[in-house]
Amino acid sequence: MRIWDLFTGADGERMQTMQAACMKAHKDVSIESTTLSWGSAYYTKLAMASSGGRPPEAAVMHMSRLAGYAPGGLLEPFDLDRLAAYGVTRKDFAPAVWERATYKGELFALPLDTHPFITFYSPKVARKAGLLDSSGKMRSLDSKDAFLDAGRSMARATGKYGMSFGYLLDTAQSWRLFWGLYGQTGGQYRMVPGSSAQLDESAAIEVLSFIQEVLNGKIASRNADYAGAIAAFSSGKAGMILSGEWESVGFKASMPDVAAMPFPKIFDKPANYADSHAFVLPKQDYPDEKRREATYKVLADLVKNRSLTWAEGGHIPAYMPVLATGAYRKLSPQRDYAAASKIVTLDPKVWFAGAGSDFQARMCDAMAPTLQGQKTAKQGVEAMLSQLDRLLAAPQPM
């Protein structure tokens, strides 16, 4: 069977290792893997292959992109009985993740992981700042005041910044931070093509105002880019970084004692911005039954039996039984942020949203002047809504 993915670097190596182990376990299966460039180019090629009726048997997709593919007939739903025959069922996944993988009651994506936006911290700096509890873990930062106070304490401990967050010239980071915090407020949204976008504007303004407080030049820099934020944290110039769990391997290499946790509950309820890598079945005009059966066997094996290998790269396995194993509990800092998978906030369910999309880039551009302190939070929300209206007015490509 053929499978497309977008994994390069360490993730690509892990996926190749997983697939090799799968073929070793199933001698009757051969996997032909193709890795394409991450981003909009990948999704364009996948859409074109599906619309042409001759795509690979399976492909990797960010769950946040599902809304642009399942409704348009570019994917086929999974046969739940076939999955169950290989030991993969709904009860094995977090309800929020499974629900997001469905469209009109059918499963269109088989989740491989959850990769949330979390907080990494330096135990050394946190200890100096008096922020560790009796077990050596970061004490609760579950309020605006607790979070900001911790930032100030760590700034005194480092002599530079308390926290690190890089967003300039980045196409996703500020959106991830904003949308996760907006999810914590319980704020709703309405994004219907052809209509004006609706957000809870007071909640959105509150979120942007809070981010401005963090990026005040003392707790965190107002003008850091992605690489600069990582360098500041890795070198000890900041005690905490707000970033994605995909950086855990790199941080572990430079800071063996690095620790992490789900994003603190700043507002009304716990929520973590996240996305999910998942396997999908691109629409085929003339499916081969033998290849289709091999596809189910392979995908079930990768999710059920190879997720620990995937977890070593930092991603949280979507297949929850893995989280309860002793082997997973030995992974640090992965075990300490695993709970983030239960409180996920994914991108809006609209065709133009999702990983690698122009939507995220536009939202980041709209927020940038506010995050830099050049515009008010209200102006930032207005700019976001203006961009959303333009996207909602555009026709959906098919």
Side-chain angles (χ1 to χ4, degrees), residues 38-53 55 59 61-77 96-109 111 171-172 174-176 178-183 185-205 207-208 271 273-276 278 280-283 344-368 378-398:
W38 189 95
S40 60
Y42 174 83
Y43 287 106
T44 299
K45 289 178 182 178
L46 182 58
M48 291 177 65
S50 295
S51 61
M61 175 176 282
H62 287 87
M63 199 92 79
S64 58
R65 299 299 295 252
L66 191 63
Y69 286 75
L74 297 175
L75 304 176
E76 297 182 11
V97 173
W98 184 271
E99 188 278 331
R100 190 55 185 264
T102 63
Y103 173 68
K104 290 189 174 180
E106 294 188 287
L107 185 74
F108 276 85
T171 58
S174 54
W175 168 252
R176 291 165 178 152
F178 169 82
W179 196 241
L181 289 171
Y182 184 76
T185 70
Q188 301 298 305
Y189 69 88
R190 186 175 185 271
M191 299 181 193
V192 178
S195 301
S196 295
Q198 295 180 19
L199 291 174
D200 182 332
E201 293 187 39
S202 61
I205 290 171
V207 168
L208 282 184
Y273 175 84
D275 208 332
S276 175
V280 295
L281 304 175
K283 180 70 174 179
V344 297
T345 294
L346 285 87
D347 273 11
K349 288 185 178 181
V350 64
W351 69 266
F352 52 73
S357 66
D358 184 50
F359 158 75
Q360 290 188 344
R362 289 196 191 191
M363 293 299 99
C364 289
D365 288 345
M367 281 185 274
K378 185 175 186 295
Q379 289 173 315
V381 172
E382 290 171 348
M384 293 170 74
L385 287 169
S386 176
Q387 289 296 326
L388 281 169
D389 285 346
R390 292 183 185 181
L391 289 165
L392 289 168
Q396 180 173 352
M398 278 295 173

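For the atom pair OG1 (T171) and CE (M363), the distance works out to 13.0 Å, reported to the nearest 0.5 Å. Between the CH2 atom of W351 and the OG atom of S357 there is a distance of 10.0 Å, given to the nearest 0.5 Å. The distance from the OG atom of S64 to the CZ atom of R100 is 7.0 Å, given to the nearest 0.5 Å. Note that OG of S40 is 8.5 Å distant from CG of D358, once rounded to the nearest 0.5 Å.
By the 4.5 Å heavy-atom criterion applied to side chains, T345 and W179 are counted as neighbours. The closest side-chain heavy-atom distance from E201 to L385 is below 4.5 Å. L74 has its side chain within reach of S51: a pair of non-hydrogen atoms, C-beta onward, lies under 4.5 Å apart. Within the 4.5 Å cutoff, the side chain of F108 has no heavy atoms near those of the L281 side chain. By the 4.5 Å heavy-atom criterion applied to side chains, T185 and D200 are not counted as neighbours. The closest side-chain heavy-atom distance from L391 to M191 is not below 4.5 Å. Within the 4.5 Å cutoff, no side-chain heavy atoms of Y103 are placed close to those of K349.
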**Request:** Start with the C-alpha distance between S196 and D389, add both sets of side-chain angles, then the distance that settles side chain to side chain contact (heavy atoms under 4.5 Å, CB included), and finish with yes or no.
**Result:** CA-CA 5 Å; S196 295; D389 285 346; 3.8 Å; yes
**Trace of the side chain to side chain contact (heavy atoms under 4.5 Å, CB included) decision for Q360 with D347** = CA-CA 9 Å; Q360 290 188 344; D347 273 11; 2.9 Å; yes
**Message:** Assess the residue pair Y42 and M61 against the criterion (side chain to side chain contact (heavy atoms under 4.5 Å, CB included)); give the C-alpha distance rounded to whole Å, side-chain angles, the decisive distance to 0.1 Å, and a yes or no.
**Reply:** CA-CA 9 Å; Y42 174 83; M61 175 176 282; 5.7 Å; no
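Under the 30°/60° scheme for interplanar angles, the aromatic rings of W175 and F178 are found to be tilted.
Nearest heavy atom pair, residue E106 against residue P77, reads OE2-CG, 3.7 Å. Here the closest non-hydrogen pair linking L75 and P282 is CD2-CA, 4.0 Å. Heavy-atom minimum distance, R190 versus S195: NH1-CB, 4.0 Å. Residues A271 and G183 share a closest heavy-atom pair of CB-C, 3.9 Å. Smallest separation of non-hydrogen atoms from R65 and G356: NH1-C, 3.8 Å.
Not a single donor-acceptor pair under 3.5 Å links the side chain of S386 to the backbone N or O of E382. Using a distance-only test at 3.5 Å, with no hydrogens or angles considered, a donor-acceptor pair links the side chain of Y182 to the main chain of Q188. Side chain of T102 to backbone of E99: a donor-acceptor contact under 3.5 angstrom is found. Remark: the backbone N or O of Y43 is paired with a side-chain donor or acceptor of Y69 at under 3.5 angstrom.
K378 NZ: 12 or fewer foreign heavy atoms inside a 6.0 Å radius. Within a 6.0 Å radius of CD in Q198, more than 12 heavy atoms belonging to other residues, nucleotides or ligands are found.
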